[in-house]
Amino acid sequence: MSAAVDFCGIELAHPIINGSGTFDAIAAHRAFGDALLDAFPFAAFVSKTVTLAPRQGNPPPRLWELPSGMINSIGLPNKGLEGYLSEDLPQLAALPVPLIVNVMGFSRDEVAELVTAFSERDEVSALELNVSCPNVETGLVMGADPFEVAALLERVRPLTTKPLIVKLTPNATDVGAVASAAEEAGANALSLINTIRGMALDPRTGEPWLGGTTGGVSGPAVRAVALAQVRTVREAVSLPVIGMGGVQTGRDALDLMRVGADLVAVGTESFRDPAAGKRVAAELADVVRSRGVTRGVAPASRRR
Ligand code: RRO
């Protein structure tokens with residue numbers, strides 16, 4: 001069986017991509033040189049969230065390690081749209097895989113401006129709308145509320161023919177309802193889960209450790225949550241789904257596919273092992289071959 005997949009009309013060599021913000025391809029290219037391009041770990045590259053204006057991000061400390069993962073409170077540091085277009089996009093366009101740009105705005109108009117700008121760029125294969133950042137209030141409100149997500153899609157859908165992927169937050173009361181709202185309003189695909197809100201205290205002072213007070217929990221700690229949420233979303237919609245949350249092995253990826261993911265993203269594991277994406281893709285191919293499964297479960301669109 002070929003591992004190649006069609007995702008929203010984009011041909012991918014295998015079903016493993018990265019989670020936004022968990023792999024800095026520009027820094028990795030600096031560190032590893034062209035060896036990175038010869039053995040790029042992912043079948044598509046999803047860039048860190050871009051906002052309209054440049055942002056410094058949250059004050060440090062920004063990370064706290066957990067027994068089975070970590071908490072981040074990065075706070076969307078980025079060069080802003082203009083900086084991204086002039087400095088990052090030319091470098092990311094040179095990667096040997098399709099580029100998906102993750103964007104976030106603090107209002108619908110801001111997201112509309114970002115979508116319009118990227119819509120004109122041939123280097124960009126698809127856009128991921130981040131409505132799920134747990135560190136910025138508007139992100140949480142948008143992604144937690146089906147009406148807000150529908151209103152956002154209705155505003156930006158007419159602005160581009162590129163595939164629009166909505167990244168859902170697990171910090172919602174009913175992720176299935178948000179997923180359905182996104183589907184009805186014209187999303188092409190959904191991705192989940194983003195991080196789950198959490199916090200850590202400084203053991204010496206008892207005060208919040210993170211500069212942003214709370215942050216997002218990721219890594220193996222959230223894998224069971226991801227499995228349940230991907231299953232819920234798969235039951236609710238027919239759209240392609242990118243599943244992620246604590247994936248460390250091919251077996252973890254297969255589990256997400258069994259509950260309905262079409263693609264799987266590797267996130268926190270890439271901090272430990274920058275080549276994790278490639279390893280997970282190879283392990284997935286092995287486990288699929290040895291168990292005689294052609295895919296996980298059939299996505300809902302093919303089950304109905
Ligand atoms: O930058 C962040 O702090 C951040 C973002 Br935008 C996100 O989507 N998820 C996350 O855990 N952290």
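Scope of the values below: all heavy atoms of this structure, side chains included, with no hydrogens, waters or symmetry mates. When a ligand or atom number is given, it counts from 1 through the structure's own listing order.
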Exercise. At the 4.0 Å heavy-atom cut-off, does K48 count as touching ligand 1?
Worked result: yes
Exercise. If you measure from each heavy atom of G75 to ligand 1, is any distance below 4.0 Å?
Worked result: yes
For this session: Enumerate the atoms of ligand 1 whose separation from the nearest heavy atom of T49 is less than 4.0 angstrom.
Result: 6 (Br)
Exercise. Atoms of ligand 1 less than 4.0 Å from N194 heavy atoms?
Worked result: 7 (C), 8 (O), 9 (N), 10 (C), 11 (O)
For this session: Could you tell me whether the side chains of T49 and N102 share a donor-acceptor contact shorter than 3.5 Å?
Result: yes
For this session: With sequence neighbours excluded, give me every salt bridge (Lys or Arg N to Asp or Glu O under 4.0 Å) pair touching residues 154-166.
Result: D109-R155
For this session: Return yes if a side-chain donor-acceptor contact under 3.5 Å exists between T268 and S218, otherwise no.
Result: yes
For this session: Taking all heavy atoms of V233 and all of L168, pick out the closest pair and write down the distance.
Result: CG2-CD1, 4.0 Å
Exercise. Ion pair present between E283 and R251, side-chain N to carboxylate O less than 4.0 angstrom?
Worked result: no
Problem set entry | Short N or O distance, G216 and ligand 1, threshold 3.5 Å exclusive | no
Exercise. Which atoms of ligand 1 sit under 4.0 Å from any heavy atom of T195?
Worked result: 9 (N), 10 (C), 11 (O)
Exercise. Which bit of N72 is near ligand 1, meaning a heavy atom under 4.0 Å away: side chain, backbone, both or neither?
Worked result: side chain
Seminar exercise, completed: side-chain hydrogen bond (donor to acceptor under 3.5 Å, both in side chains) filter on E82, not counting sequence neighbours, yields none
